[in-house]
Amino acid sequence: MPGLQGPPSRALQNWGWASAAMILGYHNLDHLNRITKLRPPKCVNDTGCVPANSKQLTVLYLAMYIFLDGAAIKNPETTVINKWNLSTLTDVEEVKMVLRMLPIWATTIMFWTVYAQMTTFSVSQATTMDRHIGKSFQIQPASLTVFFVSSILLTVPVYDRLIVPIAKKFLKNPHGLTPLQRIAVGLVFSIVAMIAAALCELKRLRAARSHGLTNDPTAEIPLSVFWLVPQFFFVGSGEAFTYIGQLDFFLRECPKGMKTMSTGLFLSTLSLGFFFSSLLVTIVHKVTANKPWLADNLNHGKLYDFYWLLATFSALNFVIFLACAKWYVYKDKRLAEAGVELEELDEPAMH
């Protein structure tokens, strides 16, 4: 390419017209050179570069994933130009923005794996416990999921009326908690839920053994089903934080041309969480075949160990999430540090 020497990615990583073109969405750097005279770009904490005299941009250049920059460099030997062999510089930057979100996306899958247990093994636990309210009324095991709704209805006003004012005061954030902070709270709740589930299962097994009911999978253990409420409550409260945090995060950080993708990213974490739950159950079945954790008769199994395993995975996932969240810089913050205003265009500039 005229005016640039060396490998394409290295050339675009360096100064001048390349960074300016990446921002403004140009393919032809010579054309850019003819229509405007820009000083070398100013980089902000290695997360974004802007030309010194630009105030409104279509997209902010990211000084990362530079191996993708070559997709916007025209090959002199190519005669037919189309989107399959030459991308707009704006499109390249939008792909980078999505790639930056993937670590956060991946670390939220574990929450929905925990969530899946509430509609499977927790319901199985409920079938063996005393589900009577009074002398004649008996609730159905699957109806315990009503505590999901109850905990969400309780968590939302508590967050709005109690947590947000405190967060505004101490965190100096007009919206209370940031999207990543909300997700972090939800992940913590999922860890606590698995700990509560493991402790409840231990109590249920002790009650079964003390009454000699371990060999009868259909026997009703004289232990109230409401001992399961804490794990439902913590997962439901965690959902209130994680669900809203994920949607807010993906909607804010996705490029304008990929806004519909934000909902897809969120829903994919939910589906993958259930898929990972099934995969984990299959692996545990095979590994613990001699002394099954997840036996058909829960009284002979070690469901509590499975819950401890999920709690451990969730804790490790939370540590990874914190590292990813600390590394991530919000789009609005990068623009503010660069001192520019992002101008969203309906179509990328191509010359």
Non-hydrogen side-chain atoms of [X] and [Y] separated by less than 4.5 Å:
{"X": "E220", "Y": "Q138", "result": "yes"}
{"X": "P103", "Y": "I320", "result": "no"}
{"X": "K302", "Y": "E201", "result": "no"}
{"X": "R131", "Y": "L144", "result": "no"}
{"X": "S224", "Y": "M129", "result": "no"}
{"X": "V235", "Y": "V114", "result": "yes"}
{"X": "D130", "Y": "L223", "result": "no"}
{"X": "S151", "Y": "F232", "result": "no"}

Do [X] and [Y] sit in one hydrophobic cluster, given that two such residues count as connected whenever their side-chain heavy atoms are within less than 4.5 Å of each other, even indirectly?
{"X": "V319", "Y": "I191", "answer": "no"}
{"X": "F313", "Y": "L322", "answer": "yes"}
{"X": "Y243", "Y": "V149", "answer": "no"}
{"X": "W327", "Y": "I183", "answer": "yes"}
{"X": "F234", "Y": "L162", "answer": "yes"}

Work out which heavy atom in [X] is nearest to a heavy atom in [Y]; give both atom names and the distance.
{"X": "L213", "Y": "P222", "value": "CD1-CD, 3.9 Å"}
{"X": "G176", "Y": "K168", "value": "N-CG, 4.2 Å"}
{"X": "T155", "Y": "A240", "value": "CG2-CB, 4.0 Å"}
{"X": "P179", "Y": "R252", "value": "CD-NH1, 3.4 Å"}
{"X": "M194", "Y": "A311", "value": "CB-CB, 3.8 Å"}
{"X": "C254", "Y": "L265", "value": "SG-CD1, 4.1 Å"}

Self-check item: Heavy-atom neighbours of Y159 OH exceed 12 at 6.0 Å
Solution: yes

Quiz item: Got more than 12 heavy atoms from elsewhere within 6.0 Å of CH2, W112?
Solution: yes

[atom1]/[X] to [atom2]/[Y] distance, rounded to the nearest 0.5 angstrom?
{"X": "L309", "Y": "L280", "atom1": "CG", "atom2": "CG", "answer": "5.5 Å"}
{"X": "I195", "Y": "C200", "atom1": "CD1", "atom2": "SG", "answer": "14.0 Å"}
{"X": "S237", "Y": "I152", "atom1": "OG", "atom2": "CD1", "answer": "8.0 Å"}
{"X": "L279", "Y": "T113", "atom1": "CG", "atom2": "OG1", "answer": "9.5 Å"}
{"X": "R182", "Y": "L180", "atom1": "CZ", "atom2": "CG", "answer": "11.0 Å"}
{"X": "S190", "Y": "L310", "atom1": "OG", "atom2": "CG", "answer": "9.5 Å"}

Exercise. Output, in order, the C-alpha distance, side-chain angles, deciding distance and verdict of side chain to side chain contact (heavy atoms under 4.5 Å, CB included) for H211 and R206.
Key: CA-CA 9 Å; H211 291 84; R206 282 196 295 267; over 6 Å; no

Looking at [X] and [Y], would you say the former's side chain and the latter's main chain have a donor-acceptor pair under 3.5 Å?
{"X": "T242", "Y": "E239", "value": "no"}
{"X": "S150", "Y": "V146", "value": "yes"}
{"X": "S122", "Y": "T119", "value": "no"}

Quiz item: Which word best sums up how the rings of F318 and F321 line up, parallel for under 30°, tilted for 30 to 60°, or perpendicular for over 60°?
Solution: parallel

Quiz prompt | Those residues that, when tested against N299, pass side-chain contact (heavy atoms from CB on, under 4.5 Å) (two or more places apart) | solution = R204, L205, A208, T214, I221, N297

Exercise. Quick one: do M118 and T145 satisfy side chain to side chain contact (heavy atoms under 4.5 Å, CB included)? Show the steps, please.
Key: CA-CA 8 Å; M118 298 299 102; T145 54; 5.9 Å; no

Regarding [X] and [Y], is there a side-chain donor-to-acceptor distance under 3.5 Å anywhere?
{"X": "Q246", "Y": "T269", "result": "yes"}
{"X": "W105", "Y": "S268", "result": "yes"}
{"X": "T288", "Y": "N290", "result": "no"}

Quiz item: Under 6.0 Å between ring centres, would you say that holds for F233 and F148?
Solution: no

Self-check item: Centroid-centroid distance, F266 to F249, less than 6.0 Å
Solution: no

Quiz prompt | Worked check of side chain to side chain contact (heavy atoms under 4.5 Å, CB included) between L177 and F241 | solution = CA-CA 10 Å; L177 299 178; F241 282 96; 4.3 Å; yes

Quiz item: Considering residues at least two apart in sequence or located in another chain, which fulfil the side chain to side chain donor-acceptor pair (under 3.5 Å) criterion with Q117?
Solution: S277

Exercise. Name all pairs fulfilling the ring pair (Phe, Tyr, Trp, His ring centres under 6.0 Å) condition that reach into residues 274-312, sequence neighbours left out, sorted by first residue then second.
Key: F121-F306

